[in-house]
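Counting convention: from 1, in listed order, for ligands and their atoms alike. Note that the numbering runs from 1 along the sequence shown for the chain. Computed from heavy atoms alone, side chains included, the values below leave out hydrogens, waters and symmetry copies.
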Amino acid sequence: MPRISAPDVTAAKGTRKIAMLAAYDYTSARLAEAAGVDVLLVGDSLAMVVLGHNDTLSVTMEEMLHHVRAVAKGSQSALVVADMPFLSYQVSVETAVANAGRFLKEGRAGAVKLEGGREVAPQVRAMVAAGIPVLGHVGLTPQHLAALGGFKVQSKTAEAAAKLLDDAQALAEAGCFAVVLECIPAPVAAAVTKVLPVPTIGIGAGPDCDGQVLVFHDVLGLYDRLRPRFVKQFGELGEQAVAALTGYVEAVRSSDFPGPEHSFSMTPDALAAFSALIGQNKDTSDSRPTKP
Ligand code: KIV
């Protein structure tokens, strides 16, 4: 099956819902693909979920590339989108294109994502002109955490909602193939979805978006440090993981693991020769010089 492309995602608008998942490594990419996920986002949320930081700000290009490569290797049919880390695209259009290009060239991603509205339209235009598909992201944009004053619902006033619509339109006009709407009132997301010519992918943005995105660890119940209201856990694998790991620790301590079925044998002749060899070595070691 050919890999889903950015134009395929755009063409899905109005025909079927798009299932996107943020995943960060080879194994999770394989699991997500087996479940039929359309788009795998290597989100900068890996800074928190995988690297243990308090926010997404300090993850680097090299760290993101490391994970993008792993996800690209683990997937065959999903579109892989690399999230551009904080300050990898804001400083200048030139560095933005160069960094985005690295995700396709070195990471083998099929597209990049960046946060922001009208102010990043020049970067989007330049990337698209260079042949790099771009996914936009407005609403709660965690790279603006310091300016926003925390992880809060955005666009709650009429003016803020109108600005968000303008930002989303600017991104679509600049060439984004789709736009993520994060943590905004459902009616605002519905209005943006109606007006925008490209799909909206919601997270905490209600049911009317063209697609949805959640984080792999949240869907499976593996990350309990932050649990926003918009997260739905579809499994409790964290509890199952602790139970399985406890079983392992107990089996090691009680010598129940490893059993004969996990061990390797050798022929009696080889074992006899080995024993003789050890005996010989023992004799040799007896002749080692003693310390003064
Ligand atoms: O980093 C991320 O995982 C994201 C999604 C939540 C949209 O940006």
> Taking the inter-plane angle between the rings of Phe257 and Tyr248 on a 0 to 90° scale, is it parallel (under 30°), tilted (30 to 60°) or perpendicular (over 60°)?
Replying inline: perpendicular
>> Can you list everything that forms a side chain to side chain contact (heavy atoms under 4.5 Å, CB included) with Asp256? Sequence neighbours excluded, please.
In response: Ala251, Ser254
Residue pair [X] / [Y]: nearest heavy atoms and the distance that separates them:
{"X": "Gln76", "Y": "Arg3", "result": "O-CG, 3.4 Å"}
{"X": "Gln143", "Y": "Glu115", "result": "N-OE1, 2.9 Å"}
{"X": "Ile132", "Y": "Val97", "result": "CD1-O, 4.0 Å"}

Could you go through ligand 1 and note, for every N or O atom, any protein N or O atom closer than 3.5 angstrom, writing the atom names and distance to 0.1 Å, or 'none'?
| from | atom 1 | to | atom 2 | distance (Å) |
| --- | --- | --- | --- | --- |
| ligand 1 | 1 (O) | Asp44 | N | 3.2 |
| ligand 1 | 1 (O) | Asp44 | OD1 | 3.0 |
| ligand 1 | 1 (O) | Ser45 | N | 3.1 |
| ligand 1 | 1 (O) | Ser45 | OG | 3.2 |
| ligand 1 | 1 (O) | Asp83 | OD2 | 3.2 |
| ligand 1 | 3 (O) | Ser45 | OG | 2.5 |
| ligand 1 | 8 (O) | Lys113 | NZ | 3.1 |

> Does Phe234 have Lys232 sitting over its ring (NZ/CZ under 6.0 Å from centre, angle to axis within 45°)?
Replying inline: yes
